[in-house]
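See structure below.
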Amino acid sequence: MTRYSTIEVEHRGAVGVVTLSRPEALNALNTQLMGEVTAAVSELDQDGQIGCIVLIGSQKAFAAGADIKEMQPLSYMDAYASDWFAAWDRLTAVRKPMIAAVSGYALGGGCELAMLCDLIIAADNAKFGQPEIKLGVIPGIGGTQRLTRAVGKAKAMEMCLTGRMMDATEAESSGLVARVVPVDRLTEEALDTASEIASMSTPVAMMVKESVNRAHETTLAEGVRFERRVFHATFATDDQKEGMAAFVDKRAPSFTDR
Ligand code: CO8
């Protein structure tokens with residue numbers, strides 16, 4: 001397996017786990033980490049043995065944002081010419097479900113990275129925020145867009161304009177996170193959810209992901225039409241045959257499509 005210096009990658013059955021590991025900088029997202037996360041996740045996405053991917057940080061920080069020390073000397077031309085942060089867009093091409101397991105700080109790019117995942121499970125000590133304005137910049141990895149879609153304009157505007165952090169309880173009641181769990185159970189709960197997803201039909205899970213994400217990108221009528229066509233396509237899979245046969249036979253299904 002590829003060796004990385006800012007992350008750790010492991011296979012837990014059919015779940016690929018990517019752990020951010022820059023403890024000296026609270027997992028700040030520098031260029032190297034960005035390259036390693038996107039490469040590792042893309043590799044897991046291509047791996048036929050993997051059905052779901054989990055991104056996790058440390059107990060203190062999922063990630064405290066883009067690396068401020070790396071960004072500090074950049075000129076406008078450096079940022080523009082290198083299309084700074086555009087590489088994170090690679091994660092939007094990932095087709096398998098991705099879970100962010102967030103403990104501690106998820107700030108700036110850290111919050112944006114969590115929101116690039118398909119669902120967030122938060123520890124009860126999680127803190128989400130877009131404090132970029134305090135540094136004289138704005139979010140640059142989709143924060144103004146995805147936070148607004150997740151929690152609505154009022155809270156997103158307040159958080160982006162003041163840098164106020166949202167705790168786990170507020171994040172759950174606002175719709176940013178799927179579930180809040182005790183901090184010492186975060187890894188286990190995220191892995192349980194990921195294993196459950198990975199036990200489903202992988203292509204059908206990919207179709208679910210594609211269809212739910214379509215809700216953010218199109219009109220209701222087009223989205224419903226897209227969903228119906230994808231629903232029809234599930235009948236081309238062996239897993240649809242198996243899933244429905246298993247129900248009728250009163251047994252657990254065994255999905256095999258990859
Ligand atoms: N970048 C670099 N280093 C960091 C970062 C960061 N984002 N966050 C923490 N660190 C480092 C600290 O400098 C410190 O290092 P050292 O020990 O060498 O001084 C170490 O991590 C530990 O941090 P603290 O001592 O500050 O730990 P505390 O527990 O006191 O505080 C906080 C924790 C509150 C999380 C604090 O570290 C903090 O406020 N961090 C910065 C949070 C932030 O502002 N994040 C947003 C960054 S900007 C961004 O993400 C998007 C920019 C978009 C630009 C778009 C361009 C196209």
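Remember, it's 1-based here, ligands and their atoms both numbered in the order they're listed.
- For Pro131, every heavy-atom contact with ligand 1 shorter than 4.0 Å involves the side chain, none the backbone.
- Using a 4.0 Å cut-off between charged side-chain N and carboxylate O, Glu227 and Arg214 make no salt bridge.
- Other residues, nucleotides and ligands contribute over 12 non-hydrogen atoms within 6.0 Å of the CD atom of Glu217.
- Close N/O approach between Gly108 and ligand 1 is not found [any backbone or side-chain N/O within under 3.5 Å].
- For ligand 1, one of its N or O atoms has an N or O atom of Ala64 under 3.5 Å away.
- Within the structure, ligand 1 has Ile138 among the residues with a heavy atom less than 4.0 angstrom away.
- Checked for salt-bridge contact, Arg22 and Glu24 meet the test: a charged N lies under 4.0 Å from a carboxylate O.
- Checking atom 54 (C) of ligand 1 against the protein gives a heavy-atom contact under 4.0 Å.
- Distances from ligand 1 to the non-hydrogen atoms of Ala79 include no value under 4.0 Å.
- Of all non-hydrogen atoms in Asn27 and Ala63, the two that sit nearest each other are O-CB, 3.4 Å.
- Listed by chain and residue number, Glu222 satisfy the salt bridge (charged side-chain N to carboxylate O under 4.0 Å, His left out) test with Arg225 (two or more places apart in sequence, or in another chain).
- Between the side chains of Ser42 and Asp45, no donor-acceptor pair of N or O atoms lies under 3.5 Å.
- Within the 4.0 Å heavy-atom shell around ligand 1 one finds Lys60.
- Residues Met166 and Leu119 do not share a hydrophobic cluster, defined by chaining ILVMFWY side chains whose heavy atoms lie under 4.5 Å apart.
- At least one protein heavy atom sits closer than 4.0 Å to atom 7 (N) of ligand 1.
- Counting only N and O atoms by type, the side chains of Arg258 and Thr202 include a donor and acceptor under 3.5 Å apart.
- Of all protein heavy atoms, the one lying nearest to atom 1 (N) of ligand 1 is Ile68 N, 2.9 Å.
- Asp47 places a side-chain heavy atom less than 4.5 Å from the side chain of His11.
- Below 4.0 Å from some heavy atom of Gly109 lie the following atoms of ligand 1, by number and element: 49 (C), 50 (O).
- Atom 48 (S) of ligand 1 has its closest protein heavy atom at Leu135 CD1, 3.6 Å.
- Atom CD of Glu196 has 12 or fewer heavy atoms from other residues, nucleotides or ligands within 6.0 Å.
- The N/O atoms of Lys69, backbone and side chain alike, include one that comes under 3.5 Å of an N/O atom in ligand 1.
- By the definition of a contact as any protein heavy atom under 4.0 Å away, atom 17 (O) of ligand 1 is not in contact.
- Here the protein heavy atom with the shortest distance to atom 51 (C) of ligand 1 is Glu132 OE2, 3.3 Å.
- Residue contacts with ligand 1, taken as heavy atom pairs separated by less than 4.0 Å, involve Ala28 solely via side-chain atoms from C-beta onward.
- The nearest heavy-atom contact from the protein to atom 11 (C) of ligand 1 is Ala25 CA, 3.9 Å.
- Within a 4.0 Å radius of atom 31 (O) of ligand 1, the protein contributes no non-hydrogen atoms.
- Among protein heavy atoms, the minimum distance from atom 20 (C) of ligand 1 is reached at Glu24 O, 3.5 Å.
- For the residue pair Thr6 / Gln32, no side-chain donor-acceptor distance below 3.5 Å is found, with atom types taken as modelled.
- Closest to atom 37 (O) of ligand 1, if we only count protein heavy atoms, is Leu26 CD1, 3.7 Å.
- At the shortest separation from atom 38 (C) of ligand 1 among protein heavy atoms lies Leu107 CD1, 4.8 Å.
- Residue-level proximity to ligand 1 for Lys134 is absent, since no heavy atom of it falls below 4.0 angstrom.
- Glu189 CD to Arg179 CZ: the interatomic distance, rounded to the nearest 0.5 Å, is 5.0 Å.
- Between the side chains of Glu70 and Thr31, at least one donor N or O lies within less than 3.5 Å of an accepting N or O.
- Considering both main-chain and side-chain atoms, Phe85 never comes within under 3.5 Å of ligand 1 through any nitrogen or oxygen pair.
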